[in-house]
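Along the sequence shown, the residues carry numbers beginning at 1. As the structure lists them, so they are numbered: ligands from 1, and atoms in each ligand from 1.
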Amino acid sequence: MKYIFETAQLGNLVLRNRMIRSATWEGLADEVGHMPEQLYQVYKRLAKGGVGAIITGFTSVASDDHYFGGMARISADMLIKEHQRLVGICHDENTPVMAQLALGEYNGSQQRNMDIDELTAADIGKVIELFVAAAQRAAMAGYDGVQLHAAHHFFLSRFISPACNHRQDEYGGDAVGRGKLLLDILRGIKAAAPRLHVTTKINCNDFMAGGLRPEDSLVICQMLANAGIEAIEVSGNGTSVAGIRAGVNEAYFKDFALTLADTVNIPVILVGGHRSIENMEQILNEGKIEFLSLSRPLVREPNLPLRWQNGDTSPAKCVSCNMCYQTPGHECVFRLKGID
Ligand SMILES: Cc1cc2nc3c(=O)[nH]c(=O)nc-3n(C[C@H](O)[C@H](O)[C@H](O)COP(=O)(O)O)c2cc1C
């Protein structure tokens with residue numbers, strides 16, 4: 001029997017419970033990647049709220065990546081100190097923290113959002129270097145790990161998708177070819193920063209014509225597991241489904257995560273639509289899924305884990321309205337209006 005509130009091993013990390021804060025873009029950093037005070041407060045609230053581990057909002061590995069406004073960055077050494085402070089805030093509460101490393105668009109040849117098919121071998125080498133250098137900075141800042149963002153149509157997600165990658169070389173073709181870039185990045189990070197826990201967030205399905213299918217995602221996950229990735233977080237396009245209700249339509253990527261957990265020998269983390277402790281514990285005991293990650297419920301209630309642990313186990317208050325995508329600092333509209 002697995003419980004939410006028990007210590008559990010996530011690769012080389014020990015978590016106080018099985019709840020993880022899934023990456024949530026705050027939209028607060030400036031163009032260079034400097035992080036304002038408000039952003040540190042987000043992490044302070046989360047860490048004090050009792051979650052088992054925190055994955056930061058997407059953090060660009062490149063300084064010329066302008067995919068989304070307010071992206072944090074870990075693309076230059078001068079930013080390490082600011083990340084050190086964020087890590088310190090989490091560690092003060094004994095909460096492990098991982099930086100989500102992302103590339104939104106790729107500007108390698110001054111072209112915005114460059115076509116995957118047009119990338120030269122040198123361009124691909126540059127992408128690998130960007131991720132490895134970012135991971136080294138993450139290690140210097142004291143992060144416990146890094147997560148490669150290969151979901152939600154970000155660059156790595158597009159690269160593994162047959163809808164975007166029609167390359168004929170070793171980085172294209174079948175799932176093994178399309179997954180090679182992720183594999184090369186993983187190997188690069190393992191060589192350069194061996195202490196780091198390395199995980200990935202990956203689409204189980206692109207849910208679009210000609211996109212990544214579950215069979216292909218499974219092959220890529222298996223490759224990464226064989227190459228030593230420590231955990232895999234399962235997501236998909238259409239990532240933040242609206243109108244989730246406890247006991248009705250929770251955990252919308254569960255089926256794939258159960259299959260994946262039977263296939264690989266590493267912890268599988270499932271994100272998307274967890275709103276009740278009953279459902280979450282049922283999922284943990286339905287198969288081999290080890291951890292559950294949440295985003296919007298922790299925007300609404302950063303102290304949700306403590307609330308549940310202290311005995312108030314009513315469902316998460318998040319109504320999945322998705323207004324947090326639009327508010328300043330991606331705060332919850334209810335919290336902004338002072339509604340408890
Ligand atoms: C405001 C907001 C920002 C998000 N930013 C990220 C992000 O930076 N990286 C990421 O992988 N997913 C991001 N997501 C997706 C969430 O991590 C999560 O996968 C999705 O919302 C489903 O989980 P939930 O039902 O617990 O919210 C974001 C979601 C929201 C609502």
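- Of all atoms in ligand 1, numbered sequentially from 1 with element shown, those under 4.0 Å from a heavy atom of G272 are 22 (C), 23 (O), 25 (O).
- Polar contact check, A23 against ligand 1: a nitrogen or oxygen pair lies under 3.5 Å apart.
- Shown here is N265, whose CG atom has no more than 12 heavy atoms of other residues, nucleotides or ligands within 6.0 Å.
- Taking only nitrogen or oxygen atoms, main chain and side chain alike, H274 does not reach within less than 3.5 Å of ligand 1.
- Shortest contact from atom 16 (C) of ligand 1 to any protein heavy atom: S295 CB, 3.5 Å.
- On a distance-only criterion, F58 and ligand 1 share at least one N/O pair closer than 3.5 Å.
- What sits closest to atom 15 (C) of ligand 1 on the protein, heavy atoms only, is T239 OG1, 3.7 Å.
- Contact annotation for R21 and ligand 1: no heavy atom of the residue comes within less than 4.0 Å of the ligand.
- Among all protein heavy atoms, the one lying closest to atom 28 (C) of ligand 1 is Y325 OH, 3.6 Å.
- Protein heavy atom in closest approach to atom 5 (N) of ligand 1: W25 N, 2.8 Å.
- Heavy-atom contacts of G273 reach the following atoms of ligand 1: 24 (P), 25 (O) (cutoff under 4.0 Å).
- Of all protein heavy atoms, the one closest to atom 25 (O) of ligand 1 is R296 NH2, 2.6 Å.
- Using a 4.0 Å cut-off between heavy atoms, P297 contacts ligand 1 through its side chain alone, with no backbone atom that close.
- Between H330 and ligand 1, a contact under 3.5 Å exists for no N or O pair.
- Cation-pi check for R18 over F5 is not met; the charged atom does not lie both under 6.0 angstrom from the ring centroid and within 45 degrees of its normal.
- Applying side chain to side chain contact (heavy atoms under 4.5 Å, CB included) to L224 and the options L148, I229, I185 leaves one that passes, I229.
- Checked against a 3.5 angstrom limit, the closest N/O atoms of S293 and ligand 1 fall outside it.
- Partner L156 forms a side chain to side chain contact (heavy atoms under 4.5 Å, CB included) with one of L181, L103, N203 and no other, that one being L181.
- Compare C324, G329, S235 by their heavy atoms: the one nearest to atom 1 (C) of ligand 1 is in C324.
- Protein heavy atom in closest approach to atom 9 (N) of ligand 1: Q100 OE1, 2.8 Å.
- A centroid separation of less than 6.0 Å is found between the aromatic rings of F154 and F68.
- Contacts between Y252 and ligand 1, counted as non-hydrogen atom pairs separated by less than 4.0 Å, involve the side chain only.
- Remark: M223 CE to L182 CG distance equals 8.0 Å, nearest 0.5 Å.
- Atom 19 (O) of ligand 1 has K201 NZ, 3.1 Å as its closest protein atom, hydrogens excluded (heavy atom only).
- Within the listing of ligand 1, atoms 26 (O) sit less than 4.0 angstrom from a heavy atom of L294.
- Ranked by closest heavy atom to atom 21 (O) of ligand 1, the top entry among A150, S240, A316 is S240.
- Residues W25 and M71 come closest through the heavy atom pair NE1-N, 4.2 Å.
- Using a 4.5 Å cut-off on side-chain heavy atoms (C-beta onward), F291 and L10 make contact.
- The CG atom of L28 sits 15.0 Å away from atom NE2 of H34, with the distance rounded to the nearest 0.5 Å.
- Heavy-atom separations between E26 and ligand 1 are all 4.0 Å or longer.
- No side-chain donor-acceptor contact under 3.5 Å links S293 to the backbone of S22.
- The V271 neighbourhood of ligand 1 comprises atoms 18 (C), 19 (O), 23 (O), with distances under 4.0 Å to a heavy atom of that residue.
- When all heavy atoms are compared, the tightest approach of E250 to R245 is CG-O, 3.7 Å.
- Although no hydrogens or angles enter the test, the distance criterion places a donor-acceptor pair under 3.5 Å between the side chain of T259 and the main chain of D255.
- Heavy-atom contacts from other residues, nucleotides or ligands closer than 6.0 Å to NZ of K44 number 12 or fewer.
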